[in-house]
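Beneath this line is the structure, given in structure tokens, with notes to follow.
Only this structure's heavy atoms are used, side chains among them; waters, hydrogens and symmetry mates stay out. Numbering of ligands and ligand atoms starts at 1, following listing order. From a predicted model like this one, the values you see are computed outputs, not experimental measurements.
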Amino acid sequence: MVPFVDLFCQYKEIKSAIDKAITETIANSSFIGGRNVKKFEEEFSEYSEISHVIGCANGTDSLEIILKAWGIGPGDEVIVPAHSWISTSECVGNVGARPVFVDVEQHFYTIDVQKIEQKITERTKAIIPVHLYGHPANMIGIMEIAKKYDLFVLEDCAQAHGADINGKKVGTFGDAASFSFYPGKNLGAYGDAGCMATNNDELASVLRTIANHGQTAKHNHVMEGRNSRLDGIQAAILSAKLPHLNEWTERRRHNASLYDKFLSGKEVGLPRQKAGYKHVYHLYVIQVEDRDSVQQKLRERGVETAIHYPTALPFLPCYKHHQNKVENFPISHHDQSRILSIPMFAELTEEQIKYVADKLA
Ligand SMILES: *Cc1c(COP(=O)(O)O)cnc(C)c1O
């Protein structure tokens, strides 16, 4: 049996540090805000090479709070890739604006820079590139367009902690970045958690205010905000895990290289990595004909897989009113019935990888 992901396996490796983090938080009662959150924010700021990190409840909130801080709302449009997790477009609708979908690049699952300009109107305010599966989007091309049309860029880094382009980390290209620490992400808490990151001092202070009931100081509510905070136990767990992230990432990359080797020459579309781009393999996504039956047969042989995501965003029931046409999103539409995420986590053994590759072949 090869599980899709095994979070307990990681816990066993660092059990004493995690248990200590939890019991210490309980002992000093720093459940909301306080020293643990501040410590993790500083550590993650250093790790991501972005000057301000503001913890919040989850990655979805983080996207939405950033759009709110920029004043994006009714009448505005935000450009998002057609292929992503719902959060990327949901945040746009939830501030009252309209998500405008752009197809992804063939073979890369990230927004196609060639197709962005044709979707820009006077109402366009921002672009949300997603570094999907852990492979960076073409940030150089995106920033050029954003500059030309004066648009905000919000990098959705939920699946790409530590990924980079020629050594420059994702999250440092745009005006702001959003990270998720959902348990299964490359850096995961033991519950929901996320953060916002920016080099802009003024924006950082607005983000912190919105996420904490619009307070600039206790009981000084300068606006209506919301309750979206990183809790102390999650922050302590994240601090205990962060020192291992680089090593875990290298293990994911090593595992990916083993899959690449074992699956090369087979009738399987393999994930690609652009020259100079560092893929952190949050997911190892292959393409196969007859995907559903392949998935079923793997399951029968004890290999657990998943699909990220079975329906591209423009074709979801919640966007039916957009009347999105298949011919406008040919790559996303082509991919949605062929993609299959096979087991990927740092602790996978070479034997497990070989087993999966053999069964797949
Ligand atoms: C996980 C994820 C999010 C949202 O994160 P949550 O913490 O689950 O709210 C946003 N975007 C992408 C691409 C994700 O994979």
Side-chain angles (χ1 to χ4, degrees), residues 4-5 7 40 44 48 53-68 78-95 99 101-102 104-105 108-111 126-137 139 142 153-163 170-171 174 176-197 207 211 226-231 233-235 237-238 241 252 271 279-285 306-314 316 318 332 335-336 339 341 344-345:
F4 179 65
V5 61
L7 300 176
F40 174 69
F44 196 65
S48 6
V53 165
I54 301 109
C56 65
N58 56 69
T60 309
D61 275 10
S62 136
L63 292 165
E64 195 179 316
I65 292 167
I66 294 166
L67 295 182
K68 266 232 146 84
V78 176
I79 292 190
V80 301
H83 184 77
S84 184
W85 171 238
I86 183 78
S87 302
T88 310
S89 53
E90 198 176 37
C91 62
V92 178
N94 281 335
V95 299
F101 300 105
V102 170
V104 293
E105 248 182 275
F108 288 102
Y109 310 106
T110 50
I111 195 163
I127 307 174
I128 310 182
V130 182
H131 309 300
L132 202 72
Y133 305 156
H135 187 284
M139 290 312 301
I142 291 162
V153 174
L154 164 49
E155 290 180 67
D156 183 342
C157 304
Q159 302 190 0
H161 316 72
V170 298
S178 161
F179 288 87
S180 166
F181 305 117
Y182 177 84
K185 297 283 158 81
N186 286 23
L187 179 62
Y190 286 175
D192 275 313
C195 79
M196 308 169 273
L207 295 173
R226 61 201 283 168
N227 177 359
S228 184
R229 297 177 298 218
L230 174 61
D231 78 66
I233 288 184
Q234 301 308 339
I237 289 166
L238 290 166
K241 284 186 165 198
R252 283 177 183 272
H279 197 325
V280 295
Y281 294 99
H282 171 56
L283 297 169
Y284 189 93
V285 178
I307 300 165
H308 301 89
Y309 302 91
T311 307
L313 297 174
L316 288 171
C318 60
S332 301
D335 293 352
Q336 69 178 17
I339 47 177
S341 310
M344 173 51 80
F345 49 96

Problem - Inter-residue atom distance I339.CD1 - H308.NE2, 0.5 Å rounding - result: 9.0 Å

Handout entry: Side-chain donor-acceptor contact under 3.5 Å, H131 with E155
Key = yes

Practice task
Could you verify whether a donor N or O on one side chain and an acceptor N or O on the other, from H161 and N186, lie under 3.5 Å apart?
Solution key: no

Practice task
Could you say whether the N/O atoms of D192 and ligand 1 ever approach to under 3.5 Å?
Solution key: no

Exercise for the section: Return yes or no for this condition: an N or O of K185 is under 3.5 Å from an N or O of ligand 1. Expected result: yes

Practice task
For atom 11 (N) of ligand 1, find the nearest protein heavy atom and state the residue, atom name and distance (0.1 Å precision).
Solution key: D156 OD2, 2.8 Å

Problem - Whether over 12 other heavy atoms sit under 6.0 Å from F108 CZ - result: yes

Exercise for the section: For ligand 1, find out whether one of its N or O atoms is nearer than 3.5 Å to an N or O atom of T60. Expected result: yes

Practice task
Could you tell me whether S84 approaches ligand 1 through its side chain, its backbone, both or neither, with non-hydrogen atoms closer than 4.0 Å?
Solution key: side chain

Exercise for the section: Number the atoms of ligand 1 from 1 as they appear, then name those within less than 4.0 Å of a heavy atom of V130, with their elements. Expected result: 13 (C)

Handout entry: Under 3.5 Å: N/O of F181 near N/O of ligand 1
Key = no

Exercise for the section: Can you spot which of T60, N58, D61 makes a side chain to side chain donor-acceptor pair (under 3.5 Å) with S228? Expected result: D61

Practice task
Could you list which atoms of ligand 1 come closer than 4.0 Å to a heavy atom of Q159?
Solution key: 13 (C), 14 (C), 15 (O)

Exercise for the section: Look at atom 10 (C) of ligand 1 and say which protein heavy atom is nearest, naming residue and atom and giving the distance to 0.1 Å. Expected result: S87 CB, 3.4 Å

Handout entry: Part of N58 with heavy atoms under 4.0 Å of ligand 1, whether side chain, backbone, both or neither
Key = both

Exercise for the section: Please report the C-alpha distance between F181 and F40 in whole Å, then the side-chain angles of each, then the deciding distance to 0.1 Å, and finally whether the ring pair (Phe, Tyr, Trp, His ring centres under 6.0 Å) criterion is met. Expected result: CA-CA 12 Å; F181 305 117; F40 174 69; 5.4 Å; yes

Exercise for the section: Using only heavy-atom distances, determine whether the side chains of S178 and D156 contain a donor-acceptor pair under 3.5 Å. Expected result: no

